[in-house]
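Residues: numbered from 1 along the sequence shown. Only heavy atoms go into these numbers, but all of them, side chains included; no hydrogens, no water, no symmetry mates.
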Amino acid sequence: MTSSHAVWLGTPYPLGANWDGQGTNFSLYSQSASMVELCLFDDGGRETRIELPDSHAHVHHGYLPGIGPGQRYGYRVHGPWDPAAGLLANPAMLLLDPYARAIEGEVQWGPAVLGHSTLDPDERQTIDSAPFVPRSIVVDDHFDWGDDRPPRIPWHETCIYETHVRGLTMRHPDVPPELRGTYAGMATPAVIEHLVSLGVTAVELMPVHHFTPEGFLLERGLTNYWGYSTAGFFAPHGPYSASGQRGQQVVEFKSLVKALHDAGLEVLLDVVYNHTAEGSAEGPTLCWRGIDNATYYRLRDDDRRQPVDFTGTGNSLNVRHPTSLQLVMDSLRYWVQEMHVDGFRFDLASTLAREFYEVDRLSSFFDLIQQDPVVNRTKLIAEPWDVGPGGYQVGNFPPLWSEWNARYRDGVRDFWRGRPASLGDFAYRFTGSSDLYDEGGRRPSASINFVTAHDGFTLADLVGYERKHNLANGEHGHDGHDDNRSWNGGVEGLTSDPSIRENRRRRMRAMLATLMLSQGVPMLSGGDEIGRTQRGNNNAYCHDSELTWYDWARADGELVDFVRALGRLRAAHPVFRRRRFFRGRPAVGADLHDIVWMRPDGQEMRDEDWHAADLRAIAVFLNGAALGPQGPTAEPATDSSFLVLANGGPSPVSFTLQPALGAQWRLVVDTSDPRRVPHALTGDAETKVEAWTLVLLEAITAGER
């Protein structure tokens with residue numbers, strides 16, 4: 001029904017619903033709209049429609065005295081329906097506010113949520129969608145942050161833990177049952193203490209922007225567990241809130257950030273600005289499509305009925321349009337300034353760089369990020385690919401950015417499964433991928449190193465399966481990666497064979513040690529430290545179940561202790577987290593080169609050795625006296641020197657130690673036996689390294705002998 005509620009002209013900016021203590025200003029951008037109705041809903045679900053009284057520069061706005069936090073609302077947009085021109089206004093559709101800071105409810109899938117007729121896509125849908133779609137919520141932004149400050153951990157000291165809010169906490173025995181799967185559950189002391197104990201410095205949360213599961217998944221009894229289906233770029237996902245969805249999710253998320261900051265942990269968000277939950281032209285009309293389809297989505301030049309799809313999800317956000325770019329930048333600033341997050345990982349970031357068609361590192365998106373005084377001070381991580389032509393852009397993002405380094409993942413996996421001629425690539429990855437990043441002002445921290453991530457096998461599955469087992473996804477096994485570079489050790493899946501089980505555990509430890517000792521920024525995939533398995537499913541995006549929840553009851557305590565020891569080792573020794581690349585020559589004041597690569601016989605590697613198919617073991621000397629300036633005072637740092645002995649083959653290898661590199665060595669890590677008692681070795685000794693094993697030796701200085 002229409003209303004006689006007092007409505008003032010209000011102001012066009014800021015966009016969204018903004019409460020000032022007396023009332024709320026509502027503003028919505030739509031270039032194509034002839035009229036915008038604000039729809040208010042009471043606790044009984046009754047709707048009141050109010051025409052926004054004014055517009056300026058295509059922003060429709062109005063101010064309502066007395067309307068405050070907790071108010072449910074949405075919009076109905078009147079205007080042209082011309083699919084051939086990309087214009088899809090339909091007042092039958094209740095639309096979310098693109099700037100909504102909280103969203104309540106779920107989509108109830110059916111014909112009513114489609115803007116078009118199911119019989120003829122060129123015809124408008126006439127069913128009222130309001131009973132079947134979520135509501136936007138007016139929120140109170142006030143929160144007592146106390147003395148909260150961003151930890152601002154330098155990039156070279158950063159260690160990331162990628163995790164899922166729900167999966168991390170759903171089966172944790174020390175999280176109260178009513179808090180499991182929520183922001184509040186993640187903020188409990190037991191969870192935070194575990195994170196801190198691993199030595200990580202940042203938690204990267206899989207999508208917490210409010211998202212909507214796709215209808216086809218719900219029909220299969222599945223859901224969009226990962227959350228890469230955004231329905232609101234400003235709203236924390238409502239179902240992750242233990243306290244309610246009428247604004248309480250905002251407070252609960254802020255409390256989580258504050259708790260993580262109190263523990264010294266940064267908070268990074270995995271954000272999905274490349275596409276939205278509305279999908280293809282056959283998808284629902286929930287927000288942007290009904291507000292201004294041609295502004296918010298890239299449409300095909302030859303058929304403006306169809307979105308351009310660089311993402312594999314049916315649509316791509318139109319980052320060529322200033323309003324879409326403004327939406328992205330306003331969202332990023334909101335999460336930094338209002339929610340206090342410390343950085344972002346951009347899903348399918350290559351899509352955001354497609355100003356015209358090709359990926360362009362000089363695009364407007366990068367310009368805006370570079371110039372923005374709020375966003376450019378945060379940690380920025382690109383997933384440097386999409387599914388469009390030329391979308392694989394590892395190594396090509398601008399200097400301000402770090403990147404998920406898929407070549408690190410592949411190179412480390414290849415070495416530890418014994419692939420011939422993999423030494424050269426392994427060496428590049430271990431030393432920070434200078435072949436990708438040592439130009440244009442970039443440093444080793446440009447490389448986000450990972451062996452596993454949410455997308456693909458878990459670490460336990462990487463050593464336990466050679467083929468994906470995704471039939472439970474309902475896509476006949478066609479989804480998920482085929483190039484897993486995994487090795488099961490001789491049996492697919494679970495086995496009681498003690499030799500295969502030991503082989504798997506050994507390779508897991510070797511890959512974890514490689515990850516934590518490599519130059520660059522390590523990223524640990526959540527649950528790998530406890531031996532989490534998804535039973536061979538390498539694309540478990542649609543399972544919100546025990547398949548994806550961390551099984552704390554079966555946690556591998558020995559593996560957890562091993563990861564904790566690696567975290568302490570990395571934190572204690574700057575030689576493993578250099579600020580600058582190795583140069584292969586002595587640093588000022590140092591006698592030895594900063595790095596030396598050697599064959600097992602102790603001789604330096606020759607050019608032909610890097611390509612030898614039968615050479616699967618290598619030693620590398622890391623000179624702790626050749627670090628250069630590390631800290632803020634620019635004082636030259638010194639550290640112990642280390643020798644890494646890596647055997648990626650099936651048989652033990654004897655390594656000859658070079659006296660010139662150190663007179664005595666102390667065993668620090670042996671991944672074949674993490675309980676092996678540390679002992680000293682002389683500089684001219686031989687040491688045996690078991691198959692699939694990494695050994696780390698620390699030089700003993702004269703004063704320690």
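Counting heavy atoms of neighbouring residues, nucleotides and ligands inside a 6.0 Å radius, atom CG of Asp601 exceeds 12 of them. Around the OH atom of Tyr428, the shell of radius 6.0 Å holds no more than 12 heavy atoms that belong to other residues, nucleotides or ligands.
Of the possible polar contacts, none joining the Arg583 side chain to the Asp594 backbone as a donor-acceptor pair under 3.5 Å is found. Put simply, the side chain of Thr671 gets close to the backbone of Leu694: a donor and an acceptor are under 3.5 Å apart. Listed for the Arg570 side chain is a donor-acceptor partner under 3.5 Å among the backbone atoms of Ser518. Distance alone, capped at 3.5 Å, is enough to place a donor-acceptor pair between the His172 side chain and the Asp174 backbone. Panel note: side chain Asp414, backbone Ser422; no donor-acceptor pair is recorded below 3.5 Å. Remark: side-chain polar atoms of Arg413 are paired, donor with acceptor, to backbone N or O of Val451 under 3.5 angstrom.
Remark: Asn376 pairs with no residue by the side chain to side chain donor-acceptor pair (under 3.5 Å) rule, at least two apart or across chains. The salt bridge (Lys or Arg N to Asp or Glu O under 4.0 Å) search around Glu690 returns Lys688, not counting sequence neighbours. Judged as a side chain to side chain donor-acceptor pair (under 3.5 Å), and not counting sequence neighbours, Ser651 has no contacts. For Arg564, the salt bridge (Lys or Arg N to Asp or Glu O under 4.0 Å) test picks out Asp561, with sequence neighbours left out. Applying the salt bridge (Lys or Arg N to Asp or Glu O under 4.0 Å) criterion to Asp528, with sequence neighbours excluded, gives no partner residue.
A distance of 6.0 Å or more separates the ring centres of His261 and Trp145. Between Tyr437 and Phe581, the distance from one ring center to the other does not fall under 6.0 angstrom.
Going from atom CZ of Phe430 over to atom CD of Gln519 covers 7.0 Å, rounded to the nearest 0.5 Å. Between atom CE of residue Met508 and atom CD of residue Glu529 there is a gap of 10.0 Å, rounded to the nearest 0.5 Å. Between atom CG of residue Leu515 and atom CZ of residue Arg409 there is a gap of 13.5 Å, rounded to the nearest 0.5 Å. Rounding to the nearest 0.5 Å gives a distance of 6.5 Å between CG of Asn449 and OG of Ser433. Rounding to the nearest 0.5 angstrom, the gap separating the CG atom in Leu352 from the CG atom in Asp347 is 9.0 Å. Atom CZ of Arg580 is separated from atom CZ of Arg443 by 3.5 Å, given to the nearest 0.5 angstrom.
The pair Arg485-Asp483 meets the salt-bridge criterion, since a charged nitrogen lies less than 4.0 angstrom from a carboxylate oxygen.
Ring geometry for Trp610 against Trp597 counts as perpendicular: the plane angle is over 60°, on a 0 to 90° scale with 30° as the lower cut. In this structure, Phe365 and Trp401 have tilted ring planes: the angle between them lies in the 30° to 60° band.
The salt bridge (Lys or Arg N to Asp or Glu O under 4.0 Å) contacts involving residues 398-408 comprise Glu403-Arg442, Arg407-Asp425, Arg407-Asp435, where partners must be two or more places apart or lie in separate chains.
Contact between Ile500 and Asn488 at its shortest, heavy atoms only, is CG2-O, 3.9 Å.
In this structure, Lys379 satisfies the cation-pi test against Trp155, with its NZ or CZ atom closer than 6.0 Å to the six-membered ring centre and inside 45 degrees of the ring normal.
Each of Trp665, Phe576, Phe621 was compared with Phe642 under the ring-ring contact (aromatic ring centres under 6.0 Å, His included) criterion, and only Phe576 meets it.
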